[in-house]
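A, B, ... follow the sequence lines: proteins, then strands. Residue 1 opens every chain.
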Protein chains: 2
Amino acid sequence: MEAGGSKRPGGRSARVRDAVRQATLAELAEHGYTGLTVERVAERSGVHKTTVYRRWGNVEGLISDALELARDEPWPIPDTGTIEGDLRGVVQLVRSGFADPELGPVSLAFVAAAVQNDAAARALHDFFVARHEQSAEVVRRAVARGELPDVVDVREVIRVAVAPVYYRLFVAHEPVSERDADRAADAALAAARAGVL
Amino acid sequence: MEAGGSKRPGGRSARVRDAVRQATLAELAEHGYTGLTVERVAERSGVHKTTVYRRWGNVEGLISDALELARDEPWPIPDTGTIEGDLRGVVQLVRSGFADPELGPVSLAFVAAAVQNDAAARALHDFFVARHEQSAEVVRRAVARGELPDVVDVREVIRVAVAPVYYRLFVAHEPVSERDADRAADAALAAARAGVL
DNA sequence: AAGCAAACGCAACTGGAGTAGTTTTTGGAA
DNA sequence: TTCCAAAAACTACTCCAGTTGCGTTTGCTT
């Protein structure tokens, strides 16, 4: 949602950009990362393929651009009143996001692209920095309530809480149950209470 | 694709298979996953490219096969006498493996291939099952020594301990310091002691 | 030691991703 | 309105990953 710092923010370029972004997300949802081609995105968006190649370079460029879009969108941080409930809520949000039949393939594509391409990796990094920052709010509130020591590294608690879910999904390729997600949240909380994080 | 030497295990096929496996690993170490092509592996191994295509199908098939090789190789589980030292040792082993300039690209390639290809994902899954099983030995010893409650899920402790390292490396794309690795191990240990894992 | 099917080698081909050069359109400013 | 530079469209091309059909070699079987 940026106001645009470049030269011609409101004209044809902006329309092309929006059309390509939307087509990229739609193609990702339908065909996943391996099925994403520049030509199909071009055709779907009504933009010529040479134009897409010149502005985005390749498939990873398309994904990096879509990631910037996703980064700025806020997501619903839970507020249950206790750190147990909030932290579990955050981790369940991650889990359910990847289980979603529409969002799942798109999110998977982001991870896949970032593992191969430096630009996509940087874009995904920025995305997670933003996510950690937002999610850490639940930890800050817990500290304010006196549930956790104030020396706790609020972002690290989030990382340790969500890490097992991502690890299972994208590294070990194991299924992730709701119970697994809860347990990961509880583990991070126990470590935080013990003063390790 | 498949490993079982059902029909002609010791003949030409076996020689071809070994040559291709070795060439795959060498190519991965030099050029990484994005630089891995079937044609270069064929040329390097002295095997014709159509043969490689027929037996391995594509790049992901080559990687899956190499993964089966890596799965069966044991790795040095630490034995420091305390669960703190052992668990930290396991996590540091993971960290240093990916930091290694030769092993790093190969390991990264495994993860990258598994995110895109189901066969590679299954192969990597099996690899991690084997790794978890081996690594869990340090937790079992701790239980035997009375350092941890005997209801602990020994594999889950390993997962939670290493997960933050993998998460940083392959998902959030953040650097991982030795201190980060130690802290991840300590967090898992604190959770295990608290009875969460 | 012959037979035979599986596996490999070979060359020619296909198709689509990505590129280059050029022309046309567009949006903003004078 | 006129002008202009940036951006997009168009055409035609290159290049290489992956395929196909067929001939050749290999090694297990009896």
Side-chain angles (χ1 to χ4, degrees), chain A residues 2-24 27-28 30-65 109 112-113 116-120, chain B residues 1-24 27-28 30-66 109 112-113 116-120:
Chain A
E2 84 260 277
S6 38
K7 275 199 172 178
R8 305 169 84 155
R12 179 164 59 157
S13 296
R15 284 199 306 273
V16 164
R17 180 177 172 128
D18 288 345
V20 169
R21 275 179 161 177
Q22 194 172 347
T24 299
E27 285 289 317
L28 279 179
E30 282 182 23
H31 309 291
Y33 176 65
T34 51
L36 186 74
T37 72
V38 174
E39 278 189 295
R40 270 225 289 272
V41 170
E43 190 182 2
R44 182 170 204 144
S45 64
V47 174
H48 207 86
K49 78 165 182 173
T50 49
T51 300
V52 179
Y53 272 114
R54 271 196 263 269
R55 283 195 45 172
W56 284 270
N58 49 30
V59 170
E60 283 75 24
L62 289 169
I63 292 181
S64 299
D65 188 45
Q116 289 176 332
N117 183 271
D118 284 344
Chain B
M1 239 171 105
E2 83 291 358
S6 38
K7 279 210 167 179
R8 303 169 88 154
R12 181 166 55 158
S13 296
R15 285 197 305 272
V16 164
R17 182 179 170 126
D18 288 344
V20 169
R21 274 179 162 177
Q22 193 172 347
T24 299
E27 284 290 317
L28 279 179
E30 283 181 22
H31 309 291
Y33 176 65
T34 50
L36 186 74
T37 72
V38 174
E39 279 190 295
R40 269 225 289 271
V41 170
E43 191 182 1
R44 183 169 201 144
S45 64
V47 174
H48 206 87
K49 79 166 183 173
T50 48
T51 299
V52 179
Y53 272 113
R54 271 197 267 265
R55 284 194 44 172
W56 284 269
N58 50 31
V59 170
E60 283 75 24
L62 289 169
I63 292 181
S64 301
D65 187 45
Q116 288 177 334
N117 182 272
D118 285 343

- Would you give the length of the straight line joining atom CG of A:D118 to atom CD of A:E60, rounded to the nearest 0.5 angstrom? 10.5 Å
- Query: Counting just side-chain N and O atoms, does A:R15 come under 4.0 Å of either OP1 or OP2 of C:dG27?
  - Reply: yes
- Taken to the nearest whole Å, CH2/B:W56 to P/D:dT19 is 15 Å
- Message: Tell me the interatomic distance from B:L62, atom CG, to D:dG18, atom C1', rounded to whole angstroms.
- Response: 13 Å
- With rounding to the nearest 0.5 Å, note down the distance linking CD in A:E30 to CZ in A:R40. 8.5 Å
- Output the single nucleotide from C:dC8, D:dG18, D:dA12 whose closest atom is nearest the side chain of B:K49. D:dG18
- B:Y53 side chain to B:E39 side chain, donor-acceptor N/O pair below 3.5 angstrom: no
- Message: Side chain of B:H48 only, heavy atoms from C-beta on: which candidate in C:dC10, D:dG18, D:dA9 is closest?
- Response: C:dC10
- Query: Of the candidate nucleotides C:dG18, D:dA17, D:dG18, which contains the atom at the shortest distance from the side chain of A:Y53?
  - Reply: C:dG18
- Supply the atom-to-atom distance A:W56 CH2 to A:R17 CZ, rounded to the nearest 0.5 angstrom. 7.0 Å
- Closest to the B:R54 side chain, choosing from D:dT20, C:dA20, C:dG21: D:dT20
- Item | Side-chain donor/acceptor of A:T50 to base of D:dC10, under 3.5 Å | yes
- Message: Any side-chain N or O of A:T51 below 4.0 angstrom from OP1/OP2 of D:dA9?
- Response: yes
- Give A:R55 one of three labels, base, sugar-phosphate or nothing, depending on what nucleic acid heavy atoms sit under 4.0 Å from its own. sugar-phosphate
- Query: In whole Å, what is the span from the CG atom of A:L36 to the C1' atom of C:dG16?
  - Reply: 15 Å
- Task: Give one of base, sugar-phosphate or nothing for A:T37, where a contact means two heavy atoms less than 4.0 Å apart.
- Result: sugar-phosphate
- Please give, in whole Å, the distance from C:dA6 C1' to B:R17 CZ? 16 Å
